[in-house]
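To start, the structure itself, in structure tokens.
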Amino acid sequence: MKLSVRFAGLTALAALLATACAPQTSSNSSSDKDEKTGALRVWLFQEVGNTPKEKVVDSVVADFEKAHKGTKVNVEYIPIDTRAQRVKAAFNDPASAPDVMEYGNTDTAGYVKDGGLLDVTKDFGDWSEAKDTDPTAKQSVTVDRKMYGAPFYVGVRALYYRTDVFEELGLKPPKTMDELASTARAIRAAKPDLYGLVVGGAYTYGAMPFVWANGGELANGKGGSYASGIDSPEAQKGIKAYTSLFGDDNCPAAKCAGMGGNDTISAFAAGKAGMAIGGDFSHTAVEAGKVKGKYAVVPLPGVKSGSIAPAFAGGNNIGVLKSTSHRTLAVELMEQLASKKTQTELFGAMGFLPTFTDVRQQVATEEPFVKPFVQTLSAGTKFVPASPAWAQIDSSLVLPTMFQEVIAGKKDVPAASEDAAKKMNAAFGSAG
């Protein structure tokens, strides 16, 4: 999802990094220090094709260090798949923890329960740019009406497809999930060297639209009290639809069962698949691959013709750890990393959709590739249960295990989904 385009008009609207207002010092940090110089550690996620992201971040860091003499910012890019272990260790050992951290919006409730994130409610309220934050994105950093970070970007997934392959085979973009499956198999049959639709057994958020489109839910409940819905008849229908795509007639289980989201996009970008379910955040990696100029994107179709499958309302946030000894500097750096200027540049570099409504509207009018993702957002998205239990469910791979058990033939869909539901309910129960 990376573009080389920069939007000068938007950048001009953003305040210069060096002149951003420093936040008020607060006493809710677990550290009794608020040092105004020294080294700050930052953890950000390693993306597929990370170099453009690094360049944007390096610019932010350079401006920040220039504006704060005696301050050094050290940025480390950590693998997304192993973040749970790294973050848990950081919460348990403040001496090794970063001051500022990127985290997935599904992790918010769990990290707050663990006591790792700093309450920045007042800082966020005083931040002049915050008023333009998308309400849904704002909710992703909110727990019990308190703010624990700043939204960094929003992300949804849609269907990438090879225009050259479709033209050669006389295919049209599928309008239903059934057509998606038949189109995938047609591609595989005509071109055995390609996956029809590359799918991954460890790709939870590529699989969930199949569950949601068939009327299933991850869980039911609210206010912190949830019960798993993954074993309902509707959810089982979606699980069956997704796992049926793992086979020699589309994406062989031996190769695809262990794939995650990054793996599927890497395969598509390398020209190994006719279709893939990828995010707006995947655009740059695809542009940098062999299929550049030979692909297009449409919303992932739902069950009924013309409908759009509900997508996971993904995205990442930037937060400050409670253990920081540089509270004021860390909160200011958080705001500058999540600013309109930075988000505009990250859209240009990586295709990350901005969390500010005014910035997103502007980039959507200037870049055609954004359209299917905005359509997907408008059609309605889904989120994970707002429970600290989700971090445990996610890190213990409950859903990937369920999919992989079905794919491998170890369990049928009812048995695998019932086992997953039991694990989810145990986690919900332990979370209180």
Side-chain angles (χ1 to χ4, degrees), residues 30 43 45 78-94 96-98 101-119 139-144 146 148-149 155 200-208 211-212 216-232 235 239 258 260-262 312-317 319 321-323 382-406 411 415-432:
S30 63
W43 285 359
F45 288 156
I78 65 173
I80 297 173
D81 294 341
T82 58
R83 71 187 188 282
Q85 299 93 311
R86 291 290 301 271
V87 173
K88 182 178 180 180
F91 287 173
N92 290 332
D93 180 17
S96 67
M101 179 178 72
E102 179 179 359
Y103 64 93
N105 60 10
T106 60
D107 296 325
T108 306
Y111 289 172
V112 170
K113 183 188 178 186
D114 291 342
L117 293 176
L118 185 70
D119 177 359
Q139 190 61 34
S140 75
V141 293
T142 304
V143 177
D144 294 332
K146 295 181 180 179
Y148 292 91
Y203 190 9
T204 300
Y205 298 118
M208 288 316 301
V211 172
W212 289 323
E217 296 288 351
L218 281 171
N220 299 294
K222 60 181 179 179
S225 179
Y226 290 91
S228 176
I230 202 65
D231 58 343
S232 72
I239 295 167
N262 283 352
F312 167 63
N316 287 355
N317 302 323
L321 272 70
K322 266 190 176 182
S323 56
K382 298 277 190 176
F383 196 57
V384 300
S387 166
W390 184 256
Q392 178 185 337
I393 293 167
D394 190 30
S395 64
S396 56
L397 306 177
V398 171
L399 296 180
T401 298
M402 175 189 71
F403 291 123
Q404 290 166 343
E405 287 174 340
V406 175
K411 295 177 183 177
S417 62
E418 287 168 11
D419 286 350
K422 289 177 183 177
K423 294 175 184 176
M424 291 176 70
N425 285 332
F428 288 136
S430 65

When rounded to the nearest 0.5 Å, the distance separating CZ of F428 from OG of S225 is 9.5 Å

Exactly one of T204, N105, L218, I393 clears side-chain contact (heavy atoms from CB on, under 4.5 Å) with V384, and that residue is L218

- Would you say S228's side chain and M424's backbone share a donor-acceptor pair under 3.5 angstrom? no

Closest heavy-atom pair, S232 versus G216, reported as atoms and distance to 0.1 Å, is OG-CA, 4.4 Å

For this session: Taking the side chain as every heavy atom from C-beta outward, state whether Q392 and S430 have any atom pair closer than 4.5 Å.
Result: yes

When every non-hydrogen atom of W43 is compared with those of S96, the smallest separation belongs to CZ2-O, 4.0 Å

To the nearest 0.5 Å, atom CE of M402 lies from atom OG of S417 at 7.0 Å

### Task
Side-chain contact test, heavy atoms from C-beta onward, threshold under 4.5 Å: evaluate it for M208 versus Y203 and give yes or no.
no

Would you check if the side chain of E102 reaches a backbone N or O of F45 as a donor-acceptor pair within less than 3.5 Å? yes

Taken to the nearest 0.5 Å, the spacing of Y148 OH from K322 NZ works out to 7.0 Å

E405 meets the side chain to side chain donor-acceptor pair (under 3.5 Å) criterion, sequence neighbours left out, with K411

inquiry  = Is there a side chain to side chain contact (heavy atoms under 4.5 Å, CB included) between N317 and T108? Walk through the geometry before answering.
reply    = CA-CA 9 Å; N317 302 323; T108 306; 3.6 Å; yes

What one should report as the nearest heavy-atom pair of G258 and A202 is O-CB, 4.0 Å

Tightest non-hydrogen contact, residues A427 and A389, listed as O-CB, 3.4 Å

Here the salt bridge (charged side-chain N to carboxylate O under 4.0 Å, His left out) pairs for residues 83-94, sequence neighbours left out, are E76-R86, R83-D107, R83-D394

Checklist entry - Side chains of K382 and W212: does their closest heavy-atom pair fall under 4.5 Å? => result yes

Practice item. Answer yes or no: is there a side-chain heavy-atom contact under 4.5 Å between Q139 and T142? Key: yes

#### Entry: Side-chain donor or acceptor of N220 paired with backbone N/O of Y226 under 3.5 Å
no

Separation between CE (M101) and CG (L117), nearest 0.5 Å, reads 5.0 Å

Any non-hydrogen side-chain atom of Y103 less than 4.5 Å from a side-chain atom of V87? no

If you define the side chain from C-beta out and look only at heavy atoms, does anything of L118 sit under 4.5 Å from L321? no

Do the ring planes of Y205 and W390 sit parallel (below 30°), tilted (30 to 60°) or perpendicular (above 60°)? tilted

Residue set satisfying side chain to side chain contact (heavy atoms under 4.5 Å, CB included) with K423, at least two apart, ordered chain then number -> V398, T401

Heavy-atom closest pair (I230 atom, A420 atom, distance to 0.1 Å) is CG2-CB, 4.1 Å

In terms of heavy-atom contacts, P98 and A90 come closest through CD-CB, 4.0 Å

